Amino acid sequence: MANIILLGPPGAGKGTQAKRLVDERQMVQLSTGDMLREARTSGTEMGRRVADVMDKGGLVTDDIVIGLIEEKLSSPASGGFIFDGFPRTLTQADALRGLLDRMGQGLDAVIVLQVDDAVLVARVTGRSTCGSCGQVYHDRTRPTKVAGVCDQCGSTDLRRRADDTEEALKTRLMEYYKKTSPLIGYYYAKGQLASVDALAEIEEVAAAVTEVLDRRKECSRLA
Ligand code: AP5
């Protein structure tokens with residue numbers, strides 16, 4: 001069992017790698033982005049506020065996302081949790097530490113997916129996501145085998161995200177550098193940080209992530 005964080009700017013490949021780990025290692029993906037996209041369809045005032053912030057590329061308030069994560073952590077995960085897009089601020093990182101402490105658990109690795117900003121516009125504007133199973137595709141780098149049909153579940157409900165525009169990406173990146181990138185130093189200081197070259201092909205990135213997890217497992221076995 002391992003609890004890990006996937007850290008990186010919008011479009012770095014966090015969701016893509018998280019889905020592979022779910023399939024391969026029976027881990028549970030906790031994506032605050034997915035949770036918030038679900039919350040925005042609720043028709044409530046909170047849902048409308050969340051939608052407005054997300055579409056512009058800003059960050060939703062810490063108390064809302066911490067509450068969502070706290071709720072999900074109450075369900076068991078025998079393979080461990082993958083935190084995808086959470087934490088995104090130092091407040092969220094401190095809250096996560098407190099929540100895991102309470103469960104008698106810790107973090108096994110914080111994996112930073114390193115990319116150049118230059119590739120991110122192409123990554124997010126070419127992305128589509130299956131509305132039924134959540135599988136992530138890209139028009140060029142990871143197309144579906146049959147156009148418009150999800151490889152995984154056969155659904156034809158392939159969606160584009162409202163915040164996957166060049167303009168919203170600028171704000172998302174600014175938020176990442178201002179509020180999320182300080183977490184790299186935070187986790188480095190705790191000795192939990194590992195970096196992976198996420199400019200490589202999806203399969204190569206997956207192999208590098210697996211190597212980090214296997215190395216951490218070996219270290220904790222020897223400790
Ligand atoms: P969220 O949904 O978390 O979005 P994000 O962090 O901006 O990340 P993305 O989902 O855009 O990218 P990804 O890294 O998962 O990349 P993916 O694998 O899809 O958050 C959305 C919004 O919700 C935020 O802006 C904020 O408003 C709010 N929010 C969420 N969490 C929050 C929090 N904790 N606090 C406050 N607010 C929060 O890949 C992208 C594309 O590239 C895909 O098409 C994929 O096929 C392709 N691709 C992936 N890897 C590769 C590769 N190696 N080579 C080529 N193509 C690749």
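When reading the values below, keep in mind they use all heavy atoms of this one structure, side chains included, and skip hydrogens, waters and symmetry mates. Since this is a predicted model, take the numbers as computed values, not measurements. First listed ligand is number 1; within each ligand, the first listed atom is number 1.
- Scanning the protein for heavy atoms near atom 5 (P) of ligand 1, the closest one is Arg88 NH2, 3.3 Å.
- Between Glu201 and ligand 1, no pair of N/O atoms sits closer than 3.5 Å.
- Geometrically, Lys190 engages Tyr186 in a cation-pi contact, judged by NZ or CZ lying under 6.0 Å from the ring centre and within 45° of the ring axis.
- Of all protein heavy atoms, the one lying nearest to atom 12 (O) of ligand 1 is Gly11 N, 2.9 Å.
- Heavy-atom separations between Ala200 and ligand 1 include at least one value shorter than 4.0 Å.
- Ligand 1 has no N or O atom lying under 3.5 Å from any N or O atom of Asp34, backbone or side chain.
- Considering both main-chain and side-chain atoms, Arg142 never comes within under 3.5 Å of ligand 1 through any nitrogen or oxygen pair.
- Checking only distances, Gly8 never comes within under 3.5 Å of ligand 1, N or O to N or O.
- The closest protein non-hydrogen atom to atom 2 (O) of ligand 1 is Arg37 NH2, 2.8 Å.
- Of the N or O atoms in Pro10, none lie within a sub-3.5 Å distance of an N or O in ligand 1.
- Atom 56 (N) of ligand 1 has its nearest heavy-atom neighbour, among Thr141, Asp197, Leu59, Leu173, in Thr141.
- Using a 4.0 Å cut-off between heavy atoms, Gln17 makes no contact with ligand 1 at all.
- Ile69 is listed as a side-chain neighbour of Phe83, based on a closest heavy-atom distance under 4.5 Å.
- Counting protein heavy atoms only, atom 18 (O) of ligand 1 is closest to Thr16 OG1, 2.6 Å.
- Residue-ligand proximity, Phe86 to ligand 1, at heavy-atom distances under 4.0 Å covers atoms 34 (N).
- A heavy-atom distance below 4.5 Å is found between the side chains of Lys14 and Leu113.
- Taking each of Arg123, His138, Lys14 in turn, the one with a heavy atom nearest to atom 48 (N) of ligand 1 proves to be Arg123.
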